[in-house]
Amino acid sequence: QVQLVESRGGSVQTGGSLRLSCAAAGFRVSRSRYCMAWFRQVPGKEREWILSIDKYGSTNYADSVKGRFTASQDYANLFLQMNTLKPEDTAMYYCAAAETGGGCDYIRRAGDFQFWGQGTQVSVSS
């Protein structure tokens, strides 16, 4: 069973930075066969896709975070560097994995991902 565990989030002021990590383990097949992603969710709203990273390290970003957030990975971890944070970035952040063969094309819905971390809270104050 795939297990994803996010690092502790935190609270920062507008313009600040945070780095999240997601430790991944228990892949049924090679880790390289999974698309990894970060989502976020605020109360009362749907879980929002913010980025994906495929087995080659190629990334796609939502417009809301493009240019401010950067994803990276090694074999066992997924990382999210968040810069120039805004109050609207306040949310619970989740890492997710989908067994796709490693590509991330066209999968951006929460329902496309089979495995989830427990979430970590990020709060940005103005």
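One-based numbering along the sequence shown.
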Closest heavy-atom pair and its distance - A62, W49: N-CZ3, 3.5 Å
Derivation and outcome, side chain to side chain contact (heavy atoms under 4.5 Å, CB included), residues V122 and R40: CA-CA 9 Å; V122 171; R40 65 186 182 187; over 6 Å; no
Over all atoms of both residues, closest heavy-atom pair of D54 and Q73: O-NE2, 2.8 Å
Gap separating the CG atom of L51 from the CH2 atom of W38, nearest 0.5 angstrom: 8.5 Å
Set of residues satisfying salt bridge (charged side-chain N to carboxylate O under 4.0 Å, His left out) with respect to K86, sequence neighbours excluded: none
Non-neighbouring partners of R68 that pass salt bridge (charged side-chain N to carboxylate O under 4.0 Å, His left out), sequence neighbours left out: D89
With sequence neighbours excluded, residues passing ring pair (Phe, Tyr, Trp, His ring centres under 6.0 Å) with F113: F39
Rounded distance (nearest 0.5 Å) linking atom CG of L78 with atom OG of S21: 9.0 Å
For E6, all residues meeting salt bridge (charged side-chain N to carboxylate O under 4.0 Å, His left out), sequence neighbours excluded: none
Check: Q121 and T90 side chains under 4.5 Å, non-hydrogen atoms: yes
Pairwise side-chain contact, L20 with M82, heavy-atom cut-off 4.5 Å (strictly under): yes
Cluster link L80 to I53, ILVMFWY, side chain under 4.5 Å: yes
Parallel, tilted or perpendicular: rings of F69 and Y93 (30°, 60°): tilted
Gap separating the CG atom of L4 from the SG atom of C95, nearest 0.5 angstrom: 4.5 Å
Test item: P87 and T14 side chains (from C-beta on) under 4.5 Å apart, heavy atoms: yes
Non-hydrogen atoms of A91 and V42 that approach each other most closely: CB-CG1, 3.7 Å
Euclidean distance, T100 OG1 relative to I107 CD1, rounded to 0.5 Å: 5.0 Å
Residue pair C35 / G103: nearest heavy atoms and the distance that separates them: CB-O, 3.2 Å
Rounded distance [0.5 Å steps], CZ in R19 versus OG1 in T70: 9.5 Å
Atom pair CE (M92) and CD (E48), whose distance is rounded to the nearest 0.5 Å: 15.0 Å
Pairs flagged by salt bridge (Lys or Arg N to Asp or Glu O under 4.0 Å) wherever residues 109-121 is involved - sequence neighbours left out: R109-D112
Heavy-atom closest pair, residues Y61 and A71: OH-N, 2.9 Å
Pairwise side-chain contact, N60 with R108, heavy-atom cut-off 4.5 Å (strictly under): yes
E88 side chain reached by S64 side chain, heavy atoms, under 4.5 Å: no
W116 to A110 - nearest heavy-atom pair and separation: CZ2-O, 3.3 Å
Listed once per pair and sorted, the disulfide (SG to SG under 2.5 Å) pairs that draw on residues 46-76, sequence neighbours left out: none
